[in-house]
Each structure stands twice: as structure tokens, then as C-alpha cells.
Amino acid sequence: MKIHILTLFPSFFEGPFSCGIVGRAREKGLVEIRTVNIRDFTSDPYRSVDDYPFGGGSGMVMKVEPIWRAVESVRDGKELVILLTPQGRTFTQKLARELSQCEHLVIICGRYKGVDERVTSFVDMELSIGDYVLSGGEPAAVVLVDAVVRLLPGAVGDKDSVDTDSFERNLLEAPLYTRPREFMGMKVPEILLSGNHEEIRKWRMKESLKRTLERRPDLLEHAELTEEEKKILEKLKEEKDGPHSCI
Ligand code: ADE
């Protein structure tokens with residue numbers, strides 16, 4: 001996969017993309033990530049990338065021409081052009097999976113108050129990483145690239161650890177423990193030490209459903225549950241609601 005990040009701050013990405021899973025994926029040649037400085041595509045002596053909004057109002061607006069030229073400079077006919085903006089569609093794990101199938105992502109990081117609306121005429125997708133406003137698209141690009149790159153085959157050593165991630169099936173993951181067996185009086189659940197794989201599988205399934213029901217019941221509306229999971233969920237709901245009274 002090839003990723004181009006169009007930004008006014010290329011140095012922002014030096015740290016995040018040189019370590020961890022993304023850093024290793026680059027070393028292994030699974031992904032090639034390049035930053036493109038939008039300022040290099042200005043045509044005036046001041047190299048200006050922003051201007052006052054027509055019609056007045058506060059803040060500066062990123063100009064359309066430098067962004068257009070920067071995008072044109074990286075097009076290869078296989079690109080998917082993404083604009084990061086709080087006004088975009090919300091980025092999800094499902095979308096991360098879809099994007100991980102793409103050959104070439106071009107990510108535009110907005111700044112200032114926003115970008116000239118005409119930028120949207122040459123992007124394929126507008127994405128937001130959540131309902132809050134960042135000072136620019138750069139932190140959002142780090143989030144997007146991380147979520148996508150770790151899904152590339154070979155990026156994460158143990159494939160299973162990606163497939164059982166929270167959100168992969170619209171279910172939160174069951175609690176995890178490692179040594180020591182006891183910390184400040186808090187013990188690891190006995191079942192996890194039992195060596196009984198079938199019982200551990202059932203326990204994890206129940207805890208995953210319980211956690212999702214408690215913390216993110218909205219996810220359950222989209223989860224495709226097995227018959228076994230459906231039965232457990234019904235029981236959990238009954239326990240949660242308590243005994244039904246006839247009065
Ligand atoms: N730029 C500013 N805020 C953003 C957000 N929430 N998502 C994506 N890009 C942004």
C-alpha cells in the first residue's frame with residue numbers, strides 16, 4: 001500500500017510513523033508513507049496557503065489551488081482521496097477494513113478554520129475521527145493510518161490478535177490479565193488459570209457480551225451474533241432488568 005499525506009506540517013509525522021506497528025510495517029515494505037508539503041504547491045511569492053473567508057467571519061480558510069496541485073502531483077489512477085474534516089463521515093473499524101484493501105490513499109489534512117469548499121469537488125471521501133474539533137487534520141491522519149496499516153497482512157505478528165479486537169465484530173473485548181496472579185488483593189479470575197479451554201472460551205464470550213451491553217449497547221444493534229451468543233445475551237439482559245414484577 002502507498003499512502004500520501006498532504007499537510008502543512010510534514011515534521012508532525014516523523015515520530016508516530018517511525019515506531020510501533022506502523023514503523024515495522026514500513027520497514028517490512030508493507031506500506032510506503034510519504035508526506036507532501038502543501039506549501040510547496042503555492043504559486044505566489046509569499047507561498048500563502050490560506051486567505052480570509054469571502055463574506056467575512058473569523059479565521060482563515062485554506063486555499064483550493066495548492067491543495068489541488070498537491071493532489072494532482074501524487075495521482076496514479078489508483079488513488080482514493082480523503083479529506084479529514086470534523087464535518088466528514090465518522091471513521092469506524094469497518095471503514096478501516098475497507099481502506100486497508102486500497103492500493104493508494106491520499107490524505108488531505110485541513111488546518112485553520114477549514115478548507116475552501118471547492119476542495120470537496122475532487123475528494124472521494126470526507127472523514128472525521130470523532131465529534132470533537134482538532135486544530136488540524138494531522139492527529140486524525142495518524143489515527144487513520146494506524147488503524148488501516150495494522151490491518152495489512154503481515155503487519156501484526158499474531159493474526160488472531162487483530163481478528164479478536166474490540167469492534168471487529170461490534171463487540172468489546174473480554175477483560176485481559178497477565179502476571180501477577182494477585183495485585184493489591186485483586187485476583188485474576190480462577191477460570192483463566194484453570195487450563196480448561198472450553199470454559200475459558202465461554203467465559204470470554206460472556207464477559208465480552210456483558211461489557212458491550214453495559215458500555216456500548218448501541219454496538220449490539222449491528223452485531224451478528226451466533227446462536228450461543230444470542231442465548232447468553234438474553235440471559236444477561238434478564239439479569240440486568242431483574243425479576244419482572246406482575247404488580
Ligand atoms: N480536523 C479537525 N477536527 C477533525 C476531526 N474530528 N476529524 C478529522 N479531521 C479533523
Side-chain angles (χ1 to χ4, degrees), residues 1-17 20-22 31 33-42 48-55 57-71 73-75 79-102 104-152 165-168 170 215-216 218-219 222:
M1 172 182 271
K2 210 161 57 172
I3 302 178
H4 279 102
I5 300 176
L6 281 44
T7 171
L8 292 172
F9 302 98
S11 61
F12 184 94
F13 298 96
E14 281 164 16
F17 294 156
I21 287 175
V22 175
V31 63
I33 305 176
R34 286 176 196 269
T35 51
V36 174
N37 192 339
I38 297 171
R39 204 177 286 279
D40 292 342
F41 294 86
T42 51
S48 49
V49 286
D50 60 334
D51 211 334
Y52 295 99
F54 278 127
S58 63
M60 300 294 270
V61 179
M62 275 178 80
K63 290 160 74 70
V64 62
E65 302 106 308
I67 299 178
W68 159 259
R69 287 192 207 107
V71 170
S73 78
V74 297
R75 281 200 194 274
E79 72 284 349
L80 183 86
V81 184
I82 298 168
L83 172 66
L84 290 169
T85 158
Q87 298 191 4
R89 162 181 171 195
T90 308
F91 184 56
T92 59
Q93 185 66 23
K94 186 163 177 274
L95 211 43
R97 276 244 169 251
E98 285 169 27
L99 295 181
S100 72
Q101 308 292 319
C102 294
H104 183 193
L105 299 179
V106 177
I107 303 169
I108 306 170
C109 303
R111 274 268 147 183
Y112 308 112
K113 196 159 164 51
V115 301
D116 187 303
E117 185 64 21
R118 289 164 292 187
V119 169
T120 63
S121 70
F122 55 85
V123 305
D124 299 303
M125 203 182 266
E126 292 176 58
L127 288 185
S128 161
I129 61 158
D131 290 342
Y132 37 81
V133 180
L134 304 165
S135 47
E138 284 78 8
V142 171
V143 169
L144 189 147
V145 168
D146 187 281
V148 169
V149 168
R150 64 191 295 284
L151 295 176
L152 297 177
D165 277 343
S166 290
F167 297 112
E168 273 302 328
N170 277 312
R215 301 183 185 189
R216 293 294 307 275
D218 56 303
L219 291 177
H222 310 285

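No experiment lies behind these values; they were computed from the predicted model shown. Just follow the structure's listing: the first ligand is 1, and inside any ligand the first atom is 1.
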To the nearest 0.5 Å, how far apart are CG in Asp218 and CG in Asn170? 9.0 Å
Ile82 side chain reached by Leu99 side chain, heavy atoms, under 4.5 Å: yes
Summary of salt bridge (charged side-chain N to carboxylate O under 4.0 Å, His left out) pairs that have at least one residue in residues 81-91, sequence neighbours excluded: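 Every candidate salt bridge (charged side-chain N to carboxylate O under 4.0 Å, His left out) pair involving residues 81-91 fails, so no pair, neighbours aside, qualifies.
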For residues 128-149, which residue pairs pass the salt bridge (charged side-chain N to carboxylate O under 4.0 Å, His left out) check, not counting sequence neighbours? Arg111-Glu138
Shortest non-hydrogen contact from Val64 toward Phe122: CG2-CE2, 3.8 Å
Go through the structure and list residues passing ring pair (Phe, Tyr, Trp, His ring centres under 6.0 Å) with Phe17, not counting sequence neighbours.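 Only Phe13 meet the ring pair (Phe, Tyr, Trp, His ring centres under 6.0 Å) criterion with Phe17.
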Go ahead and list the nitrogen or oxygen contacts between ligand 1 and the protein that come in under 3.5 Å, distances to 0.1 Å, or just say none.
unit_1: ligand 1; atom_1: 3 (N); unit_2: Leu134; atom_2: N; d: 3.0
unit_1: ligand 1; atom_1: 6 (N); unit_2: Gly130; atom_2: O; d: 3.2
unit_1: ligand 1; atom_1: 6 (N); unit_2: Tyr132; atom_2: O; d: 2.8
unit_1: ligand 1; atom_1: 7 (N); unit_2: Ile129; atom_2: N; d: 3.0
unit_1: ligand 1; atom_1: 9 (N); unit_2: Thr85; atom_2: N; d: 3.3

